[in-house]
Amino acid sequence: MAGLLVAVFWAILVSFLAVVLVRLAQTLKAATKLVTGVTEQAVPLLTEASETVRSAQSQLSRVDAIAADVQEVTANASALSSTVSTAFGGPLVKVAAFGYGVRRALGRRNSPPRPRRTVVVGRSVPAARRAGRTRRDGRDGED
């Protein structure tokens with residue numbers, strides 16, 4: 001009887017292990033399919049990403065070259081501006097001053113002449129001209 005019990009126990013154990021092994025095989029097949037699918041999709045994506053990075057790198061090198069050219073153009077424009085300012089600045093100021101002088105001279109020529117005032121050092125102003133003025137100490141100009 002003991003032998004029969006051991007045989008039944010082994011039969012149940014083997015059938016249980018067979019079910020587990022079948023399910024494990026199915027899981028491994030599904031995992032293999034999944035890994036194969038991911039690999040098939042990932043390889044082209046990695047290739048495209050690599051190409052994109054190379055393209056971005058070439059574009060960045062072009063942008064760097066453009067920035068260097070812009071910097072050079074800016075330096076040249078600054079040098080040209082200072083050269084033009086130096087070359088034409090002085091003469092333009094002189095021409096403007098000359099024009100102002102001519103305008104002023106023509107304006108004086110057309111206006112009636114003003115009486116010239118002469119200042120004599122050491123003389124006081126006559127009392128008639130001082131009338132109506134107040135002195136610095138607050139008193140009237142008349143003494």
Side-chain angles (χ1 to χ4, degrees), residues 1-126 128-141:
M1 176 86 184
L4 184 63
L5 220 105
V6 171
V8 171
F9 176 72
W10 277 106
I12 291 173
L13 183 64
V14 168
S15 61
F16 178 72
L17 286 176
V19 169
V20 168
L21 287 175
V22 168
R23 294 215 174 176
L24 183 63
Q26 290 174 349
T27 304
L28 286 175
K29 275 186 185 178
T32 304
K33 285 182 183 178
L34 181 66
V35 168
T36 303
V38 167
T39 303
E40 288 174 358
Q41 292 177 359
V43 169
L45 286 176
L46 289 175
T47 304
E48 288 177 18
S50 177
E51 290 173 7
T52 303
V53 168
R54 281 191 210 106
S55 173
Q57 186 177 8
S58 68
Q59 294 298 326
L60 283 176
S61 66
R62 288 179 186 167
V63 168
D64 188 35
I66 290 170
D69 291 343
V70 167
Q71 186 177 11
E72 184 179 341
V73 166
T74 303
N76 290 342
S78 175
L80 179 65
S81 172
S82 63
T83 302
V84 167
S85 173
T86 302
F88 296 115
L92 285 178
V93 168
K94 290 177 183 177
V95 166
F98 178 75
Y100 175 74
V102 168
R103 248 189 342 215
R104 193 162 179 205
L106 290 176
R108 282 187 182 171
R109 199 170 117 188
N110 293 337
S111 66
R114 289 190 275 169
R116 296 194 82 175
R117 294 184 185 175
T118 57
V119 176
V120 179
V121 178
R123 292 225 172 166
S124 63
V125 178
R129 291 186 74 192
R130 282 189 297 186
R133 292 187 184 172
T134 55
R135 295 176 21 180
R136 289 187 187 188
D137 58 2
R139 295 186 289 166
D140 280 339

Checking [X] side chain against [Y] main chain: does a donor-acceptor pair fall under 3.5 Å?
{"X": "T83", "Y": "A79", "answer": "yes"}
{"X": "S85", "Y": "S81", "answer": "no"}
{"X": "T32", "Y": "L28", "answer": "yes"}
{"X": "S78", "Y": "T74", "answer": "no"}

- Task: Considering non-hydrogen atoms only, spot the tightest contact between S55 and S58 and give its length.
- Result: O-OG, 2.7 Å
- Query: Looking only at heavy atoms, which two atoms of V35 and T39 are closest? And how far apart?
  - Reply: O-OG1, 2.7 Å
Spatial distance of atom [atom1] ([X]) from atom [atom2] ([Y]) [nearest 0.5 Å]:
{"X": "E48", "Y": "L46", "atom1": "CD", "atom2": "CG", "answer": "9.5 Å"}
{"X": "L17", "Y": "L21", "atom1": "CG", "atom2": "CG", "answer": "6.5 Å"}
{"X": "L34", "Y": "T27", "atom1": "CG", "atom2": "OG1", "answer": "12.0 Å"}
{"X": "T36", "Y": "K33", "atom1": "OG1", "atom2": "NZ", "answer": "9.5 Å"}

- Task: Please list, chain by chain and in numerical order, all residues satisfying side-chain hydrogen bond (donor to acceptor under 3.5 Å, both in side chains) with R54, sequence neighbours excluded.
- Result: S50
- Going through the checks in order, is the side-chain contact (heavy atoms from CB on, under 4.5 Å) test met by N76 and L80? CA-CA 6 Å; N76 290 342; L80 179 65; over 6 Å; no
- Query: What do you reckon, is CD of Q57 surrounded by more than 12 foreign heavy atoms closer than 6.0 Å?
  - Reply: no
- Could you check I12, V6, L5 and say which one makes a side chain to side chain contact (heavy atoms under 4.5 Å, CB included) with V8? I12
